[in-house]
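Since the structure comes first, as structure tokens, the remarks are kept for the end.
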Amino acid sequence: MHEMTATNLRSAYGGESMAHMRYRTWGRHAVEAGFPNVGRLFQAIAYAEEVHANNHFRELGAESGAFPVTSAAGFGLGSVSEHLAGAIEGETFEIEEMYPTYKQTAQFQKEPGAVKSFHYAVSAEQIHARMYTDAKKTVDAGKDIELGPVQICETCGYTVEGEAPEVCPICQRREFRAFP
Ligand code: FE2
Ligand code: FE2
Ligand code: FE2
């Protein structure tokens, strides 16, 4: 694999791994703060980030060894609204800068597996940014969000509220994990 794409996959793995843990932490905090549905949204999306991390790791395949990994990551414990703002900021960075750049590089380097892994991630991040933005408006009005079951595609992390679709619109697979 070309070095630039391998570096980007490792960086994205680091970013997704931290996003997974950060959302788990912020999700528990939201439940404790009296926002159980925001907590469930964080836990569901945390799983989507785990799917992305696993995809990137798998694409690295035999590129084994120890590497220093640089990943932009938000830190801090504050209010539920501040955590949602941090989540929106992270997802937006991934949508507007990180994944488009990584995907273009992988296309240039003719690494189709990495292109797919980055494409799956950025498709889900766009949905995450919207869901967190909607949630923040409600939380800023002092209320927990209304939230039906959340479904996460186990292959690409596609995220949808309500019933799982017959077929995932991003990757065409049929297996979803529900956060009811
Ligand atoms: Fe992700
Ligand atoms: Fe995300
Ligand atoms: Fe999918």
Side-chain angles (χ1 to χ4, degrees), residues 5 7-27 29-30 37-60 69-76 80 82-106 112-136 145 147 149-179:
T5 289
T7 299
N8 291 343
L9 278 169
R10 287 191 288 265
S11 171
Y13 176 80
E16 295 287 356
S17 300
M18 286 191 278
H20 167 80
M21 283 308 301
R22 184 183 310 118
Y23 292 166
R24 295 287 300 267
T25 303
W26 285 346
H29 171 278
N37 282 341
V38 174
R40 186 160 51 83
L41 181 65
F42 271 128
Q43 298 298 348
I45 294 179
Y47 176 64
E49 312 309 4
E50 181 182 338
V51 170
H52 296 160
N54 278 325
N55 286 344
H56 300 333
F57 199 91
R58 194 179 312 112
E59 285 308 321
L60 280 162
V69 173
T70 307
S71 305
F75 287 83
V80 175
E82 286 167 342
H83 298 161
L84 287 166
I88 294 162
E89 189 180 340
E91 300 282 352
T92 302
F93 170 74
E94 291 183 343
I95 295 162
E96 293 185 351
E97 296 194 52
M98 185 182 119
Y99 277 127
T101 308
Y102 287 3
K103 190 173 152 185
Q104 286 251 325
T105 301
V115 170
K116 189 158 90 173
S117 199
F118 295 143
H119 173 71
Y120 281 176
V122 75
S123 302
E125 315 311 4
Q126 287 163 353
I127 298 165
H128 299 165
R130 279 201 299 276
M131 293 178 95
Y132 283 140
T133 300
D134 290 345
K136 187 172 182 299
I145 56 172
L147 188 71
V150 180
Q151 316 282 342
I152 308 291
C153 174
E154 293 179 12
T155 303
C156 74
Y158 172 72
T159 302
V160 65
E161 181 189 353
E163 293 303 304
E166 185 77 8
V167 168
C168 174
I170 305 301
C171 73
Q172 279 75 52
R173 300 287 291 268
R174 294 167 183 271
E175 296 79 30
F176 284 82
R177 178 164 162 193
F179 290 78

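Order of appearance sets the numbers: ligands from 1, and atoms from 1 within every ligand.
- Scanning both residues, Ile88 and Thr92, for their nearest heavy atoms gives O-OG1, 2.6 Å.
- Atom OE1 is the N, O or S atom of Glu49 at the shortest distance from the Fe ion (ligand 1).
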Kindly determine whether Tyr158 and Tyr120 satisfy ring-ring contact (aromatic ring centres under 6.0 Å, His included), including the steps that lead there. CA-CA 8 Å; Tyr158 172 72; Tyr120 281 176; over 10 Å; no
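- Side-chain contact annotation: Glu59 with His56, donor-acceptor N/O pair under 3.5 Å absent.
- Taking backbone and side-chain atoms together, Glu94 has no N/O/S atom less than 2.8 Å away from the Fe ion (ligand 2).
- Because the distance cut-off is set at 2.8 Å, His128 qualifies as a neighbour of the Fe ion (ligand 2) through one of its N, O or S atoms.
- The angle Cys171:SG - the Fe ion (ligand 3) - Cys168:SG amounts to 110°, with values rounded to 10 degrees.
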Determine whether Tyr23 and His83 satisfy the following criterion, side chain to side chain contact (heavy atoms under 4.5 Å, CB included), listing intermediate values before the conclusion. CA-CA 9 Å; Tyr23 292 166; His83 298 161; over 6 Å; no
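- Donor-acceptor pairing under 3.5 Å is lacking for the side chains of Gln151 and Arg177.
- The nearest N, O or S atom of Glu125 is closer to the Fe ion (ligand 1) than 2.8 Å.
- Taking the Fe ion (ligand 1) as reference, the nearest N/O/S atom within His52 carries the name ND1.
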